[in-house]
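Keep in mind that what you see is a predicted model, and the values were worked out from it rather than measured.
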Amino acid sequence: MVRVGLTTERLVRAGAELADEVGFEQVTASALARRFDVKVASLYSHVKNSHDLKTKIALLALEELADRAAEALAGRAGRDALTAFANVYRDYAQEHPGRYAAAQFRLDPETAAASAGVKHAQMMRAILRGYHLTEPDQTHAVRMLGSVFHGYVSLELAGGFSHSAPDSQESWSRTLDALDALLRNWPAR
């Protein structure tokens with residue numbers, strides 16, 4: 001183990017790179033051991049098993065996304081903030097498809113509560129306060145925005161928009177315009 005310098009951080013980063021190369025579902029402790037040319041047992045002092053490895057990759061992806069989103073949101077409000085936040089997700093997914101998939105990995109409640117996923121929700125709620133939404137409408141809007149962002153990005157990554165005009169960037173911009181209009185005119189109960 002000393003000869004290859006294995007650490008938990010190094011394994012998780014290599015696992016994240018592997019996810020981007022071959023897909024998050026293909027990441028296993030065995031695949032990672034092959035990458036380092038070590039036996040799987042050599043990894044067990046750093047990760048418990050493949051599920052633990054995937055959890056750690058998910059936490060890394062959530063942290064990377066949160067850091068990018070926080071930087072993109074600094075000093076922005078309204079549609080500008082909404083667009084910046086949405087573009088962070090889309091850009092990250094295009095740059096790191098495996099890590100993006102990892103960010104969707106189901107975490108146990110305790111791990112999720114301690115993850116950067118909480119920061120994502122806080123940032124989205126801060127954006128929504130700029131639209132003067134309060135509870136329970138904020139929660140409904142968070143769920144809607146998350147669904148639209150994830151749905152669009154997932155379909156785009158799968159090639160779902162590459163077969164016809166207009167360009168998917170134009171549709172993305174129009175989608176964000178529509179979301180902004182909806183949030184400014186949120187329906188009353």
Side-chain angles (χ1 to χ4, degrees), residues 4-33 35-36 43-77 80-130 138-139 141-154 156-158 172 176 179:
V4 294
L6 295 181
T7 65
T8 302
E9 181 181 352
R10 187 166 179 222
L11 289 172
V12 171
R13 292 215 172 268
E17 290 169 12
L18 184 61
D20 287 339
E21 293 167 17
V22 301
F24 182 63
E25 289 304 316
Q26 303 305 313
V27 174
T28 63
S30 297
L32 196 55
R35 179 164 271 213
F36 284 99
L43 307 183
Y44 290 145
S45 61
H46 304 286
V47 294
K48 297 175 194 167
N49 50 39
S50 292
H51 186 272
D52 184 45
L53 173 62
K54 285 185 173 185
T55 298
K56 287 176 174 21
I57 294 169
L59 294 172
L60 171 68
L62 289 168
E63 190 68 41
E64 288 176 345
L65 266 168
D67 289 347
R68 286 184 181 199
E71 185 176 319
L73 287 173
R76 298 176 189 235
D80 194 31
L82 176 69
T83 300
F85 190 80
N87 284 336
V88 164
Y89 276 79
R90 184 171 181 235
D91 294 347
Y92 187 81
Q94 290 171 346
E95 227 177 288
H96 299 291
R99 292 177 201 208
Y100 180 77
Q104 313 309 315
F105 189 62
R106 187 179 188 99
L107 302 173
D108 66 74
E110 185 177 313
T111 302
S115 78
V118 174
K119 293 178 192 173
H120 295 251
Q122 290 169 340
M123 286 185 275
M124 197 173 291
R125 287 178 185 282
I127 292 167
L128 294 173
R129 281 192 298 275
Q138 264 191 17
T139 297
V142 165
R143 291 173 180 168
M144 178 194 68
L145 292 174
S147 298
V148 171
F149 298 162
H150 178 65
Y152 194 97
V153 166
S154 296
E156 187 175 42
L157 284 175
W172 177 250
L176 296 179
L179 288 172

Determine whether a donor-acceptor pair (N or O, by modelled atom type, separation under 3.5 Å) exists between the side chain of [X] and the backbone of [Y].
| X | Y | answer |
| --- | --- | --- |
| Tyr152 | Trp172 | yes |
| Thr111 | Leu107 | no |
| Ser50 | Ala29 | yes |
| Asn87 | Thr83 | yes |
| His120 | Leu62 | yes |

Which heavy atom in [X] sits nearest to a heavy atom in [Y], and how many Å separate them?
| X | Y | result |
| --- | --- | --- |
| Ala112 | Val118 | O-CG2, 3.8 Å |
| Asp52 | His46 | OD2-O, 4.4 Å |
| Gln94 | Leu157 | CA-CD2, 4.2 Å |
| Leu11 | Leu32 | O-CD2, 3.5 Å |
| Leu176 | Ala86 | CD2-CB, 3.6 Å |
| Met123 | Ala66 | CE-O, 3.6 Å |

Inset, instruction - On the 0 to 90° scale, with breaks at 30° and 60°, tag the Phe24-Phe105 ring pair as parallel, tilted or perpendicular. - result: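 Taking Phe105 first and then Phe24, their aromatic rings stand perpendicular (interplane angle over 60°).
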Inset, instruction - Using the six-membered ring wherever Trp is involved, compare the ring planes of Phe85 and Phe149 and label them parallel, tilted or perpendicular (cut-offs 30° and 60°). - result: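 Judged by the thresholds at 30° and 60°, the geometry between Phe85 and Phe149 is tilted.
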Inset, instruction - Look at Glu9 together with Arg13 and state whether they make a salt bridge at an N to O cut-off of under 4.0 Å. - result: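 So Glu9 pairs with Arg13 through a salt bridge.
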Inset, instruction - Compare all side-chain heavy atoms of Glu64 with those of Leu60 and state whether any distance is below 4.5 angstrom. - result: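 A side-chain contact exists here, since the closest heavy-atom pair is under 4.5 Å.
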Legend entry - Validation row: Gln26, Glu21 side chains within 4.5 angstrom (heavy atoms):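 No. Closest side-chain heavy atoms not under 4.5 Å.
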Legend entry - Partners passing salt bridge (charged side-chain N to carboxylate O under 4.0 Å, His left out) against Glu156 (at least two apart in sequence or in another chain):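 Glu156 satisfies salt bridge (charged side-chain N to carboxylate O under 4.0 Å, His left out) with Arg90 once adjacent residues are dropped.
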Inset, instruction - Check the surroundings of atom CZ in Arg35: do more than 12 heavy atoms from other residues, nucleotides or ligands lie under 6.0 Å from it? - result: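 Yes.
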Donor-acceptor contacts under 3.5 Å from residues 67-74 side chains, at least two apart:
residue : atom : partner : partner atom : Å
Arg68   : NH1  : Glu95   : OE1          : 3.3
Arg68   : NH2  : Glu95   : OE2          : 2.9

